[in-house]
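Protein chains get the first letters and strands the later ones, always in sequence-line order, with residue 1 at the start of each.
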2 protein chains.
Amino acid sequence: MVDHSAAGSDRKPDAALDRTLGALADPTRRAIVAGLRRGPATVSEVARPFPISLYGVSKHVRVLERAGLVHREVRGREHHLSLRAEPLRALSDWLDGYAAFWEERLDALERELAEDRRGD
Amino acid sequence: MVDHSAAGSDRKPDAALDRTLGALADPTRRAIVAGLRRGPATVSEVARPFPISLYGVSKHVRVLERAGLVHREVRGREHHLSLRAEPLRALSDWLDGYAAFWEERLDALERELAEDRRGD
DNA sequence: AGTACCCTCAACCATATGGTTGATCATTCG
DNA sequence: CGAATGATCAACCATATGGTTGAGGGTACT
């Protein structure tokens, strides 16, 4: 019997990471997140810089919200959005699992570059 | 005139980051990457743990390849795949722009939790 | 030569994604 | 009250995504 559960070392597929990475994969959404880093803002405020419709941005915001990256606080008719850090931290933790790998590779790269310079 | 170019502090939309995040947003592809962390492998070897067709995996590999996360070396009839570190490092660098933010927020969260405990 | 093996290609399918628009709901303001 | 504002909803559209299958192209084994 083939073991389908251990394709590497990821225990469970981790749907939260799916949503975080998926949400951040869109440049508009990354820009929204970048804007929100400066502090909370309403949907209209967040939408202003973008050339797409308000509702277009609204949909992006909902994706970010489902990923837990953005928190919405309805205050009267305004929806105040703020950046939530946890998913970013989780992503960073996941990435840390590869830090050792890329540092190794980078050492190797540096060695290669040193050789290339010598032969240049 | 509205400035559409500075929606935050992202200079250019950065299509490379789009591809990296998009590639990693899929659990199968993350599992492939995780497997490749141990060292190079052929497409069939990479595909073995997954319940989908070989070509299904092959298509995932191509996505990873276009994102620069995987390098392919055709050796006879076998395609040897290896993990490339640069996109992961670039992602880490991008994330670092938020490290300060989430550390702040985490401090705030801890304070709030302390208050919640007291009021519980 | 002939067969088995590794992998990709072409075509197809279902669903998800990113975008639009007009209508609608709720709230604030004159 | 009535009008403007902030945001969502419903419907729609085009394209991308993740999966399948059968066929085919090279490469290796005997």
Side-chain angles (χ1 to χ4, degrees), chain A residues 2 4 7 10 13-36 40-67 69-82, chain B residues 2 4 7 10 13-36 40-67 69-82:
Chain A
V2 185
H4 285 170
D10 281 0
D14 202 347
L17 210 43
D18 284 15
R19 285 191 294 269
T20 301
L21 287 161
L24 294 175
D26 182 276
T28 300
R29 286 194 293 261
R30 278 203 308 283
I32 290 173
V33 165
L36 245 27
T42 68
V43 174
S44 298
E45 286 165 356
V46 158
R48 191 159 23 223
F50 301 101
I52 67 178
S53 73
L54 172 65
Y55 192 53
V57 172
S58 175
K59 283 164 90 176
H60 280 304
V61 166
R62 197 165 42 196
V63 171
L64 290 167
E65 200 181 4
R66 266 182 291 180
L69 281 159
V70 159
H71 176 248
R72 182 191 307 258
E73 192 205 339
V74 180
R75 208 184 305 169
R77 63 183 167 184
E78 304 177 326
H79 294 205
H80 292 253
L81 310 173
S82 55
Chain B
V2 184
H4 284 172
D10 283 359
D14 203 345
L17 211 42
D18 285 14
R19 284 190 295 270
T20 301
L21 287 162
L24 294 175
D26 181 276
T28 301
R29 285 193 294 261
R30 278 202 309 284
I32 291 173
V33 165
L36 246 25
T42 67
V43 174
S44 298
E45 285 166 357
V46 158
R48 191 158 24 223
F50 302 101
I52 68 179
S53 72
L54 172 65
Y55 191 52
V57 173
S58 174
K59 281 163 91 176
H60 280 304
V61 167
R62 196 167 42 196
V63 171
L64 290 167
E65 199 180 3
R66 265 182 291 184
L69 281 159
V70 158
H71 174 250
R72 180 191 308 257
E73 191 205 341
V74 180
R75 207 185 306 167
R77 62 183 168 181
E78 303 177 323
H79 294 204
H80 291 253
L81 308 173
S82 56

Nearest whole angstrom, please: distance from the [atom2] of [N] to the [atom1] of [X].
X	N	atom1	atom2	result
A:L24	C:dG18	CG	C1'	16 Å
A:I32	C:dG19	CD1	C1'	13 Å
B:D26	D:dA16	CG	P	18 Å
A:R75	C:dA26	CZ	C1'	17 Å
A:R66	C:dG18	CZ	C1'	13 Å
A:F50	C:dG18	CZ	P	14 Å

Inset, instruction - Identify whether the distance between the nearest side-chain nitrogen and carboxylate oxygen of B:D14 and A:R30 falls below 4.0 Å. - result: no

Please tell me if the side chains of [X] and [Y] come closer than 4.5 Å, counting only heavy atoms from C-beta onward.
X	Y	answer
A:L24	B:L17	no
B:I52	B:H60	yes
B:R29	B:V63	yes

[N] phosphate, OP1 or OP2: any side-chain N/O from [X] under 4.0 angstrom?
X	N	value
A:H79	D:dT8	yes
B:R29	D:dG18	yes
B:S44	C:dC5	no

Legend entry - Sub-4.0 Å heavy-atom contacts from residues 54-65 of chain B onto DNA chain D, ordered by number: B:Y55, B:G56, B:K59, B:H60

Inset, instruction - For the pair A:R72 (side chain) and A:S82 (backbone), establish whether a donor and an acceptor sit closer than 3.5 Å, ignoring hydrogens and angles. - result: no

Legend entry - Passing candidate, side-chain contact (heavy atoms from CB on, under 4.5 Å) with A:L64, options A:V70, A:T20, A:L81: A:V70

Legend entry - Shortest side-chain distance from A:R77, nucleotide among C:dT20, D:dT20, D:dT5: D:dT5

Legend entry - Closest to the A:S53 side chain, choosing from C:dT20, C:dG18, D:dG18: C:dT20

Legend entry - Polar side chain donor-acceptor pair, B:H80 to B:E78, under 3.5 angstrom: yes

Inset, instruction - Starting from the 5' end of DNA chain C, give me the residue, B:V43 or A:G76, whose nearest nucleotide shows up first. - result: B:V43

